[in-house]
Amino acid sequence: MTFELVLFFILAAIAVATAVGMVLSKNSVYAALYLVTNFISVAIFYLLLDAPFISLAQVTVYAGAIMVLFLFVIMLLGAEKIAPELNWRDMAIPLVLAAALMVEAGLLFVQRFSQPFTASADGAAFADPMSMSVTLFVDYLLPIQVTGVLLLVAMVGAIVLSKPEKKGQA
Amino acid sequence: MFLSETVLNPIFSLAPWIVYFPVIGLLLNIIFGGWFMKHTWGETAVGAVASLASFSAFVVAALLAVALNGQHGEAALATVAPWIHIGTLHLDWAFRVDSLSTTMMLVVSGVGTLIHIYAIGYMHEDVRFKHDIARYRRFFVFLNLFIAAMMILVSGNSYMMLFVGWEGVGLASFLLIGFWYDMDTLGRPSWANSNAAKKAFITNRVGDFGFLLAAMMMFWKFGSTDFDLVFAKVAEVSHHEPWVILWITIFLLVGVAGKSAQIPLYIWLPDAMAGPTPVSALIHAATMVTAGVYLVTRSAPIYMLSHDAQYIVATVGAVTGLFAATIAVGQYDLKKVLAYSTISQLGFMVAAVGMGAFVAGMFHLMTHAFFKALLFLSAGSVILGMERGHHHAAHHHGGHGDHHEVFDPGDMRNMGGLRKTMPVTFWLYIIGTLALAGIPPFAGFWSKDEILLDASLHFPHVYWILTAAAFLTAFYMGRQIWMVFFGAPRHEAAAHAQESPLIITLPLMALAALSVVGGFFNIPAEGFHQLGHWLMHTIGEMEIPPFSLTVAGVSTALALVAIFFSWLLYGRTPLKTGQPDPLKKPLGLLFVGMENKWFIDEAYKFAFIDRYYDLADFLAQKVDWDFWHEWFHNSVIAKGFVGLARFLADPIDLGLIDRVSHLLSDLVSASAGGLRKLQTGFVRSYALSVLLGVVAILGYLLLK
Amino acid sequence: MIPTHFYLALSAILFSIGALGVLVRRNALVVFMSIELMLNAANLTMVAFARQYGLQSGQIFVFFVMAVAAAEVAVGLALIVTIYRSRQTIDIDDMNRLKG
């Protein structure tokens, strides 16, 4: 049991627990907070997987920006709760299906990818922020630009959609 | 692209143009002829295009002959395109230039050109007389088509290509015999001409069948129909299977009998005179009908190997020669006499080539082309003169005797005394007659003498028959001359007959010149005999019998005696109007036979045509109507169909097919009703189905 | 080093939980969050594979997924806000106007 493995299992337990908590929490504010915790644990997994750049992006974009947006909307609407949501009878089929999905996916992964891990010796070198940025802004220049336009469009769309309707307009 | 590369002298690559030129001529007349005819110069233009096309072919043929002479007659091939390549059979569209084919080319295109020129004048009057000027162009198109087909016939390098030309000239002949298909010689509605055309075509079909059998047999036994390949194997096959050679020659003889009007298939040629006179001259006297002679000459290596075949061919030719001559004596129609004379002369040629005297046969073919074309065209000139005279007389006397009175401008009983009204035609006719009768030094004498000479040496019975025929030839030609040109006119038309214009008489003069000097191509003397030596390049060396004064003297004496007899009967006391033929009394029944063509047409009608009608009637009435319509169609098919339809309608269609389709539609609407419930509008139920699908797919991947 | 299939198994679990969330919750915001969780699970597999095969492109794609997710969240939340304004609820079972 190396340190990494211990760390992995602790983090995995946190991730699973927070995910389950998010699904089951009655209050959406709690759900959002569980999700933030989950994202941060995933960000640590990314660090373990030699992906420091992605890890930081995860923290800033997901845990930072997106979840703040969620919380903001929840607060704005005041819709933390809606009347009796979960009942176990309705959950039976989804539960069975989700369990089946989990078992199947897990079995598939174990079946196909359980061969010994053969990472390149220099570890983090292939994906340090420096080389990532070079790849992104040299090889993937056009997709980066397109993504920028996409974000701009999304921003404009969000503004247009959430603009209060003026009186007299349909 | 129209020239081929595989020839020795570049001149030979011109060979295909003997066909291309007439084809170009006919295309020009088809495309632009209608436009030409809208102008006053239209007829001249149409005739000039056609004549030039024919003349160009003549020039090419002459060039080929010169080039061929330059290489001592060695045959050359001009391959244009591959034709039939099936299995081991390789036939190319190849033109064969050798001394035999160039001789034929020269005769065909040379005589053809003169007749084209003649036709410019002749058809000018003919179409006006028959009130259908539009057919002028058609005539020249057909004429050029004939030249093209004939050129293919004489220049093809295989029996199959020869057959293409053979059928092509048959088609042209059919079209031209039936040229006035809907009217008779006087322009009255009648189907006689189209019946004559059909008769010619169908009779030729019998002959063509024989030809095809021969060609198939060659392919079967020799593996090819190419001349060189066939002749190369002929000796070997003859050694092992002589019957093959005999049957091929006999089948070929059937083809020859059809095309060259020999017994028993000659019956179409007299009727073929229904065509305009230039056609009679070109196709049915000078060129097409000699195709059979050409075919036998071309097949010389085969015929030489079978004495039986030679005997049969020679006898058929000789008997035809005499038989047709006897009929010619009893005819009254100017062109009919010449038609039977043609059959008779063709008999001479066939007898000659049958005996192996190929040079003599080809020589007679050539001279005959000259003087028989001359005679036919002169006869055409006479008929035109008679028509003009009739026209003149009718107008002169005003009311009575209009165009449509029954008057046959070709009936010799209506003529007489034309010597004075048509002097040019008269002298031309005399030349032709002397040539045909075999009076020295005219062309016919030399060629006929050569045939008789060969016959006297090898086939005595043929000699006797042909000598008798030659006697009759001189007699009926003399009879014709006395009846047509001497004595007093027996009809108003003859009295007012007018000479033909220069466009008609000029070609006649050229032909007359050839008829006079044509014999010098092949004078039977040491150092001469050019045609013989020329042809021997192709048909191989053969002995040239020395000139025999006995044979020549006997035939000349007989011809003079025959002409004297004819003078006795027809010249001394000219025929009166309505008087029966003076031969009728002394000959009695014999003359009735001659007059009625020995009732051969009637016999054929009884033996073949009526039997054919009986068969057709039986097939139509009993087999087709009673059996097929009444019984099979009405009872078997109709009732069976109704029963089948009922079966298909009730149990099959209503019971099975409708039920299945109703079931399907019910199923669809039921399942649609069920599926509609799935469209709930609840996003989560959609997601559930998506997840279900994902689970299923993963399950499949897992278990795969 | 932790074997890759550990990560894969973990991401399978997270994905399934996310899917379950989509299926069982009626609160549109929580459903949305569940979708984000599923996206994260997918990202995790990509980064794990990127490490296994030593390829950068796996991580690059994760980056793009994040960017698209950000755009999606922005528009999606704007939609939810708009729907809430007109219907005074964010219960997705009430959003069934398009049912056939």
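Since this is a predicted model, take the numbers as computed values, not measurements.
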Greatest number of heavy atom pairs closer than 4.5 Å to chain C - which of [options]:
{"options": "Gly106(A), Ala19(A), Ala100(A)", "answer": "Ala19(A)"}
{"options": "Val61(A), Leu97(A), Leu95(A)", "answer": "Leu95(A)"}
{"options": "Ala65(A), Gly148(A), Ala32(A)", "answer": "Ala32(A)"}
{"options": "Leu107(A), Leu7(A), Ile144(A)", "answer": "Ile144(A)"}
{"options": "Tyr34(A), Tyr62(A), Phe72(A)", "answer": "Tyr62(A)"}

Donor-acceptor pair, distance only, cut-off 3.5 Å: does the side chain of Ser16(C) make one with the backbone of Ala99(A)?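 Not a single qualifying donor-acceptor pair exists.
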
Arg51(C) side-chain N/O to Asp50(A) backbone N/O, donor-acceptor pair under 3.5 Å: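 Flag not set: sc Arg51(C) to bb Asp50(A) has no pair under 3.5 Å.
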
How about residues 149-157 of chain A versus chain C: which residues have heavy atoms under 4.5 Å apart?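 Checking residues 149-157 of chain A against chain C gives Leu150(A), Leu151(A), Ala154(A).
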
Relative to chain A, which segment of Phe63(C) carries a heavy atom at a distance below 4.5 Å: side chain, backbone, both, or neither?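 Both backbone and side chain.
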
At a heavy-atom separation under 4.5 Å, does Ala69(C) approach chain A through its side chain, its backbone, both, or neither?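 Both the backbone and the side chain of Ala69(C) come within 4.5 Å of chain A.
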
If you measure from [atom1] on [X] to [atom2] on [Y], what distance do you get to the nearest 0.5 Å?
{"X": "Ser41(A)", "Y": "Leu10(C)", "atom1": "OG", "atom2": "CG", "answer": "8.0 Å"}
{"X": "Asn38(A)", "Y": "Glu36(C)", "atom1": "CG", "atom2": "CD", "answer": "11.5 Å"}
{"X": "Ile90(C)", "Y": "Ser28(A)", "atom1": "CD1", "atom2": "OG", "answer": "5.5 Å"}

What part of [X] is in contact with chain C, defined as an atom under 4.5 angstrom from a non-hydrogen atom: side chain, backbone, both or neither?
{"X": "Phe70(A)", "value": "both"}
{"X": "Leu101(A)", "value": "both"}
{"X": "Phe53(A)", "value": "side chain"}
{"X": "Leu48(A)", "value": "both"}
{"X": "Gln58(A)", "value": "both"}
{"X": "Ala31(A)", "value": "both"}

Students often mix this up, so state it plainly: with edges at 30° and 60°, are the rings of Phe6(C) and Phe8(A) parallel, tilted or perpendicular?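 Aromatic pair Phe6(C)/Phe8(A) classed tilted.
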
Kindly assign one of parallel, tilted or perpendicular to the pair Tyr140(A) and Phe61(C), based on the angle between their ring planes and the thresholds 30° and 60°.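 Correct class here is perpendicular.
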
Identify which one of Val22(C), Ile17(C), Val30(C) satisfies the side-chain contact (heavy atoms from CB on, under 4.5 Å) criterion when paired with Val23(A).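 Among the candidates, only Ile17(C) passes.
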
